[in-house]
Enquirer: 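This is the structure I want to talk about, given as structure tokens.
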Amino acid sequence: MAVELYVPVTRRRSNLMRLPDPIQTYFEAQSPQNKDTLAAAFTPDAVVRDEGNIHRGPDDIRRWWREAKQKYRHHAEPLDVAEAAGKTVVRARVSGDFPGSPAILSFTFRLAGDRIAELEIG
């Protein structure tokens with residue numbers, strides 16, 4: 001039986017939580033200048049699930065991220081992090097140009113080595 005426990009963690013100088021490097025890169029990336037850095041944080045066969053859509057591979061993920069940033073002009077501020085079933089779950093306050101802003105969303109990452117293999121936002 002897995003027990004999930006959300007705990008705040010040590011913050012970096014960037015004022016974000018101390019997260020695994022590829023997840024830190026995901027939350028620190030700014031559109032449009034960091035789109036290639038963001039895409040490089042994902043494995044070549046990575047999958048992102050967001051808003052009922054599936055995005056596969058760095059090119060598709062780069063496109064999804066850029067379009068979402070342009071559409072919603074959103075920013076995600078990590079609140080806490082937990083490990084569960086081999087995944088890293090980050091709860092974040094997301095604010096931007098969308099109904100219900102700000103909202104608390106869960107970002108569930110599965111890492112493969114030093115890259116993101118899977119991300120589900122919900």
Side-chain angles (χ1 to χ4, degrees):
M1 178 171 128
V3 176
E4 291 188 30
L5 175 64
Y6 287 97
V7 293
V9 293
T10 306
R11 295 180 182 267
R12 276 189 175 182
R13 276 181 259 146
S14 69
N15 213 20
L16 289 177
M17 290 180 204
R18 177 63 181 121
L19 299 167
D21 286 342
I23 296 174
Q24 188 79 25
T25 296
Y26 176 83
F27 282 107
E28 287 182 341
Q30 299 296 313
S31 183
Q33 61 268 29
N34 296 126
K35 67 183 181 300
D36 294 327
T37 300
L38 177 101
F42 287 85
T43 63
D45 59 347
V47 174
V48 172
R49 292 177 180 81
D50 183 39
E51 295 184 322
N53 296 306
I54 298 174
H55 310 279
R56 298 178 192 280
D59 290 338
D60 194 21
I61 290 168
R62 182 185 299 112
R63 187 172 26 262
W64 155 78
W65 183 77
R66 187 184 63 241
E67 290 172 1
K69 288 286 189 182
Q70 288 173 347
K71 181 178 180 180
Y72 299 119
R73 292 190 276 280
H74 64 286
H75 172 75
E77 176 190 356
L79 300 172
D80 50 41
V81 63
E83 298 292 328
K87 296 183 179 183
T88 303
V89 181
V90 179
R91 285 186 333 126
R93 178 181 296 109
V94 182
S95 56
D97 295 338
F98 59 89
S101 175
I104 305 298
L105 299 178
S106 291
F107 293 75
T108 303
F109 296 89
R110 183 175 61 79
L111 299 179
D114 62 351
R115 289 188 172 178
I116 300 166
E118 186 177 340
L119 167 59
E120 184 167 351
I121 303 171

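What you are looking at is a predicted structure, and each value in this text was computed from that prediction instead of being measured.
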Enquirer: Kindly compute the distance separating CD (E77) from CD1 (I104), expressed to the nearest 0.5 Å.
Expert: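 Rounded to the nearest 0.5 Å, the CD-CD1 separation comes to 8.5 Å.
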
Enquirer: Do V94 and F107 pass the side-chain contact (heavy atoms from CB on, under 4.5 Å) test, and can you show the C-alpha distance, the side-chain angles, and the key distance before you say yes or no?
Expert: CA-CA 11 Å; V94 182; F107 293 75; 3.9 Å; yes

Enquirer: For residues T43 and A117, report the shortest heavy-atom separation together with the two atoms involved.
Expert: OG1-CA, 3.7 Å

Enquirer: Looking at H74 and K69, what are the two nearest heavy atoms and their distance?
Expert: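 In this case the closest contact between H74 and K69 is O-NZ, 3.1 Å.
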
Enquirer: Assess whether side-chain contact (heavy atoms from CB on, under 4.5 Å) is satisfied between L38 and Y26, documenting all intermediate values.
Expert: CA-CA 6 Å; L38 177 101; Y26 176 83; 3.5 Å; yes

Enquirer: Kindly determine whether E118 and R49 satisfy side-chain contact (heavy atoms from CB on, under 4.5 Å), including the steps that lead there.
Expert: CA-CA 8 Å; E118 186 177 340; R49 292 177 180 81; 3.2 Å; yes

Enquirer: Transitively linked via ILVMFWY side-chain contacts under 4.5 Å: L105 with F98?
Expert: yes

Enquirer: To check you understand the geometry: which heavy-atom pair defines the closest contact between K87 and T108, and what is its length?
Expert: CD-CG2, 3.7 Å

Enquirer: Could you pull out all residues at least two apart from D60 that satisfy salt bridge (charged side-chain N to carboxylate O under 4.0 Å, His left out)?
Expert: R63

Enquirer: Taking all non-hydrogen atoms of both residues, which atom of R93 and which atom of P102 are closest, and how far apart?
Expert: CG-CB, 3.9 Å

Enquirer: List the atom of A40, the atom of R115, and the distance in Å for their closest heavy-atom pair.
Expert: O-NE, 3.4 Å

Enquirer: Are I54 and F109 connected, step by step, through hydrophobic side chains (Ile, Leu, Val, Met, Phe, Trp, Tyr) whose heavy atoms are closer than 4.5 Å?
Expert: no

Enquirer: Testing the basics here: between R91 and S106, what is the closest heavy-atom pair and its distance to 0.1 Å?
Expert: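 That would be CG-OG, 3.8 Å.
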
Enquirer: Could you state the interatomic distance from CG (D50) to CD (E120), rounded to the nearest 0.5 Å?
Expert: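 Here the rounded value is 9.5 Å.
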
Enquirer: Are the charged groups of R56 and D59 less than 4.0 angstrom apart, N to O?
Expert: no

Enquirer: Working to the nearest 0.5 Å, report the span between CZ of R18 and CD1 of I23.
Expert: 10.5 Å

Enquirer: Would you sort out whether T25 and I116 count as a side-chain contact (heavy atoms from CB on, under 4.5 Å), showing the intermediate values?
Expert: CA-CA 10 Å; T25 296; I116 300 166; over 6 Å; no

Enquirer: I need the K71 NZ to E51 CD distance, nearest 0.5 Å.
Expert: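 Spacing of NZ (K71) from CD (E51) equals 6.0 Å.
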
Enquirer: Do V48 and F42 have side chains that approach each other closer than 4.5 Å (heavy atoms only, starting at C-beta)?
Expert: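 With C-beta onward as the side chain, the pair touches.
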
Enquirer: Are W65 and I121 in one and the same hydrophobic cluster, where Ile, Leu, Val, Met, Phe, Trp and Tyr link if side-chain heavy atoms are under 4.5 Å apart?
Expert: yes

Enquirer: Quickly, which of V81, L111, V90 forms a side chain to side chain contact (heavy atoms under 4.5 Å, CB included) with P20? Name it, please.
Expert: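 So the option named by the test is L111.
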
